[in-house]
J.: 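If you scroll down you'll find the structure; I have some questions about it.
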Amino acid sequence: MLQRVCKKMGTLALETNGDVCSNDYVVLGLKDFRIDSIEKPQILSLLSTLLERSVQKNERRLETLQTKDFITVFHGLRAPSLSIQQYIDRIFKYSCCSSSCFVVAYIYMDRFIEQTKSLLTSLNIHRLTITSVMLAAKFMDDAFYNNAYYARVGGVSTTEINKLEMKFLFSLDFRLHVNVQTFGKYCSILKREAKGALVEHPIQSCGVEESWTSKEESTCARPVAR
């Protein structure tokens, strides 16, 4: 049942981003990717690597300067047990969103950091990730799950994810539109990461309630169609 629903969740991005190099789509796993494919799109591991690198860099910086990070609603009391890679894989597995949403989520996080001057750390990266992917799915995909479902996937309460969503939106000034040029720019950044290049990018990375659902969540909520 879950797989059949997931196949209906396409993205509008690939239909409008024809100017972006198709080779980038292939490298990142954005082009003609089947949700029921055995292999995961490479965008997941590439984004995880970039975010993990940012987290490590920022935490070293905070430690060196002996300063404390500015606490926001995205911060948790402790880092969750799931790594960034595991968390992103989980979101992709259960949200059924298009792989392009992870590029857009990356763009949203960059905008958030630019606007708030925040740093990505192990205490806020998970909440920022689930919030940005959820918003990307709502903006990009022709069908998506509701906030309560994303809260289950992300390991937070529905009340909390609603609060995170509003804080994120106001921090971005509700600027969710991503044009072709910007999408292509971030695809190129991720493509360089795929080639093993050291990407120095300005993006800076929430403890989450340890309430991960143990079942395979075969009884998923119905997606919301546009």
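Heads up: numbering here begins at 1 and tracks the sequence. Treat the numbers as computed from the prediction; the structure is a model and nothing was measured.
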J.: Quick check for you: to the nearest 0.5 Å, what is the distance between C101 atom SG and F144 atom CZ?
T.: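 Answer for the SG-CZ pair, C101 versus F144, is 10.5 Å.
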J.: Which class fits the ring pair Y108 and F139: parallel under 30°, tilted 30 to 60°, perpendicular over 60°?
T.: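 Answer is perpendicular, since the angle exceeds 60°.
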J.: Sequence neighbours excluded, which residues qualify as salt bridge (Lys or Arg N to Asp or Glu O under 4.0 Å) partners of E165?
T.: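 In terms of salt bridge (Lys or Arg N to Asp or Glu O under 4.0 Å), with neighbours along the sequence ignored, E165 is linked to K138.
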J.: Quick one: are Y186 and D110 in side-chain contact, heavy atoms under 4.5 Å?
T.: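 With C-beta onward as the side chain, the pair touches.
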J.: Using modelled atom types and a 3.5 Å cut-off, is there a donor and acceptor pairing between side-chain atoms of N124 and backbone atoms of T121?
T.: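 Yes: the side chain of N124 pairs with the backbone of T121.
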J.: Give, for atom CG of N162 and atom CG of N147, the distance between the pair rounded to the nearest 0.5 Å.
T.: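 Separation between the atoms: 5.0 Å.
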J.: How about Y106 and S132: do any of their side-chain heavy atoms sit closer than 4.5 Å?
T.: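 Y106 does not reach S132 side chain to side chain.
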J.: Using a 4.5 Å cut-off on heavy atoms from C-beta on, say whether the side chain of I125 contacts that of E52.
T.: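 No, too far: nothing below the 4.5 Å cut-off.
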J.: Is there a path of hydrophobic side-chain contacts, each under 4.5 Å between heavy atoms, that joins V73 and M109?
T.: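 Result: yes, single cluster for both.
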J.: First locate atom CG of N146, then atom OG1 of T158, and finally report the distance between them rounded to the nearest 0.5 Å.
T.: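 So the gap between those two atoms works out to 8.0 Å.
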J.: Are the side chains of R61 and T67 in contact, using a 4.5 Å heavy-atom criterion?
T.: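 No, their side chains stay 4.5 Å or more apart.
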J.: If you measure only the distance, is there a donor-acceptor pair under 3.5 Å linking the side chains of N179 and T182?
T.: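 Yes, T182 and N179 have a side-chain donor paired with an acceptor closer than 3.5 Å.
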J.: Is it true that M134 and F174 fall in one hydrophobic cluster, defined by side-chain heavy atoms closer than 4.5 Å?
T.: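 Yes, same cluster.
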J.: Does I71 have any side chain to side chain contact (heavy atoms under 4.5 Å, CB included) partners at least two apart in sequence or in another chain, and if so, which?
T.: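 Counting only residues at least two positions away or on another chain, I71 forms a side chain to side chain contact (heavy atoms under 4.5 Å, CB included) with H75.
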J.: If every non-hydrogen atom of V153 is compared with every non-hydrogen atom of I91, which pair is closest and at what distance?
T.: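 Result for this residue pair: CG1-CA, 3.9 Å.
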J.: Can you tell me how far the OG1 atom of T116 sits from the NZ atom of K167, to the nearest 0.5 Å?
T.: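 So the gap between those two atoms works out to 8.0 Å.
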J.: Can you see whether S45 engages Q85 through a side-chain donor-acceptor pair at a distance of less than 3.5 angstrom?
T.: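 Side-chain D/A pair, S45 to Q85: absent.
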J.: Counting N and O atoms only, with roles assigned by atom type, does the side chain of Y94 sit under 3.5 Å from a partner on the main chain of R152, one being a donor and the other an acceptor?
T.: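 Flag not set: sc Y94 to bb R152 has no pair under 3.5 Å.
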J.: I need the single residue from F74, Y150, F112 that forms a side-chain contact (heavy atoms from CB on, under 4.5 Å) with T131. Which is it?
T.: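 Answer to the side-chain contact (heavy atoms from CB on, under 4.5 Å) test with T131 among F74, Y150, F112: F74.
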J.: Group every Ile, Leu, Val, Met, Phe, Trp and Tyr by side-chain heavy-atom contacts under 4.5 Å, then state whether L172 and M166 land in the same group.
T.: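 Per the 4.5 Å side-chain linkage, L172 and M166 are co-clustered.
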J.: Quick check: closest heavy atoms across V178 and I107, and the distance to 0.1 Å?
T.: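 Closest pair (atom of V178, atom of I107, distance): CG1-CD1, 3.5 Å.
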J.: Find the distance between NZ (K40) and CD1 (I88) and round it off to the nearest 0.5 Å.
T.: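 K40 atom NZ to I88 atom CD1 measures 10.0 Å (nearest 0.5 Å).
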J.: Taking the side chain as everything from C-beta on, heavy atoms only, tell me whether E160 gets closer than 4.5 Å to S157.
T.: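 They are in contact (side-chain heavy atoms under 4.5 Å apart), so the answer is yes.
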J.: Among residues at least two apart in sequence or on other chains, which ones pass salt bridge (Lys or Arg N to Asp or Glu O under 4.0 Å) with D69?
T.: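 Applying salt bridge (Lys or Arg N to Asp or Glu O under 4.0 Å) to D69 gives none.
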J.: Quick check: do Y87 and I130 have side-chain heavy atoms less than 4.5 Å from each other?
T.: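 A side-chain contact exists here, since the closest heavy-atom pair is under 4.5 Å.
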J.: How far apart are the closest heavy atoms of I161 and A151, and which atoms are they?
T.: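 Result for this residue pair: CD1-N, 3.8 Å.
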J.: Closer than 3.5 angstrom, by distance alone: can the side chain of D141 be matched with the main-chain N or O of S98 as a donor-acceptor pair?
T.: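 Pair found, side chain donor or acceptor close to backbone of S98.
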J.: State, with a plain yes or no, whether a side-chain heavy atom of R90 is found less than 4.5 Å away from one of Q86.
T.: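 No, side chains not in contact.
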J.: Hey, are the side chains of I113 and K117 touching, using non-hydrogen atoms and a 4.5 Å cut-off?
T.: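 A side-chain contact is absent here, since even the closest heavy-atom pair is not under 4.5 Å.
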J.: In the single-linkage hydrophobic clustering (I, L, V, M, F, W, Y; side-chain heavy atoms under 4.5 Å), do F168 and F170 co-cluster?
T.: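 Hydrophobic grouping puts F168 with F170.
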J.: Could you tell me the separation between the OG atom of S48 and the CZ atom of R53, rounded to the nearest 0.5 Å?
T.: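 CZ of R53 is found 12.0 Å from OG of S48.
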J.: List the atom of F102, the atom of C97, and the distance in Å for their closest heavy-atom pair.
T.: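 Smallest interatomic distance, heavy atoms only, reads CE1-SG, 3.6 Å.
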